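Scroll down for the structure; my scribbles are underneath it.
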Amino acid sequence: SSYFSSAATGDMPTYQIRAPTTALPQGVVMAASPGSLHSPQQLAEEATCRGELRLMKNREAAQECHRKKKEYVKCLENRVAVLENQNKTLIEELKALKDLYCHKAQ
DNA sequence: AGTATATTTCGTCAGGCTGC
DNA sequence: GCAGCCTGACGAAATATACT
């Protein structure tokens, strides 16, 4: 159930960056090699890291999702404009044909 | 100016869906 | 099952607009 797929437009708005969203746990090394021991503290740290990583990934996913939605809406708006124009043209055309028909009939 | 109200943007959570 | 992705819903903050 996703929006149409299309290439990114790449127009980045110029915002102020919000509250210090603690960017990435820098150099998150997914701890310890398979055989190593884990102190409770290490385990807690790992859990924190996993949580932060999850949040970060979701944040990025949400950004992409918002971007796609915006693009989708823009696309729909364009389509509305096109269809409105077509409609206008068709109405004109119909009117012209009706006129023509009337004059012939007389 | 300042401030009240509306709109936009972004991050988080929850829950569905999919591939493994 | 479950890990990972996607997206709707929601709230908070930023930004825009209307008004005095």
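Reminder, nothing fancy here: chain letters follow the sequence lines and each chain counts from 1. Remember, it's a predicted structure, so these values are computed and weren't measured experimentally.
- A:K74 has its NZ atom 14 Å from the C1' atom of B:dT8, to the nearest Å.
- B:dC10 atom P lies 13 Å from atom CD of A:E64, rounded to whole Å.
- If you measure from atom CZ of A:R54 to atom C1' of B:dT12, you get 9 Å, rounded to the nearest angstrom.
- Going from atom CG of A:L53 over to atom P of B:dT12 covers 13 Å, rounded to whole Å.
- Heavy atoms of A:Q63 sit under 4.0 angstrom from primed sugar atoms or phosphate atoms, though from no base atom.
- Taking 4.0 angstrom as the limit, A:R59 places a side-chain polar atom (N or O) nearer than this to OP1 or OP2 of B:dT12.
- Put simply, NZ on A:K57 is 17 Å from P on B:dG11, counting in whole angstrom units.
- As a whole-Å value, the separation of A:E60 CD from B:dC13 P is 16 Å.
- Side-chain atoms of A:H66 lie closest to B:dC10 of the nucleotides B:dC13, B:dC10, C:dC6.
- With distances taken from any side-chain atom of A:K69 to the nucleotides B:dC13, C:dC6, C:dG8, the minimum falls on C:dG8.
- In this structure the side chain of A:Q86 reaches within 4.5 angstrom of the side chain of A:L83, judged on heavy atoms.
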>> Between A:L97 and A:Y101, does the side-chain contact (heavy atoms from CB on, under 4.5 Å) criterion hold? Intermediate values first, please.
In response: CA-CA 6 Å; A:L97 287 170; A:Y101 179 76; over 6 Å; no
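- Contact annotation: side chain of A:N58 to base of B:dC13, donor-acceptor pair present below 3.5 Å.
- Checked for salt-bridge contact, A:E71 and A:K74 miss the test: no charged N lies under 4.0 Å from a carboxylate O.
- At C:dT7, one or more side-chain N or O atoms of A:K68 fall inside 4.0 Å of OP1 or OP2 (strictly under the cut-off).
- Applying the side-chain hydrogen bond (donor to acceptor under 3.5 Å, both in side chains) test to A:E45 and every residue at least two apart in sequence or in another chain returns nothing.
- Distance A:K70 NZ to B:dT7 C1': 12 Å, rounded to the nearest Å.
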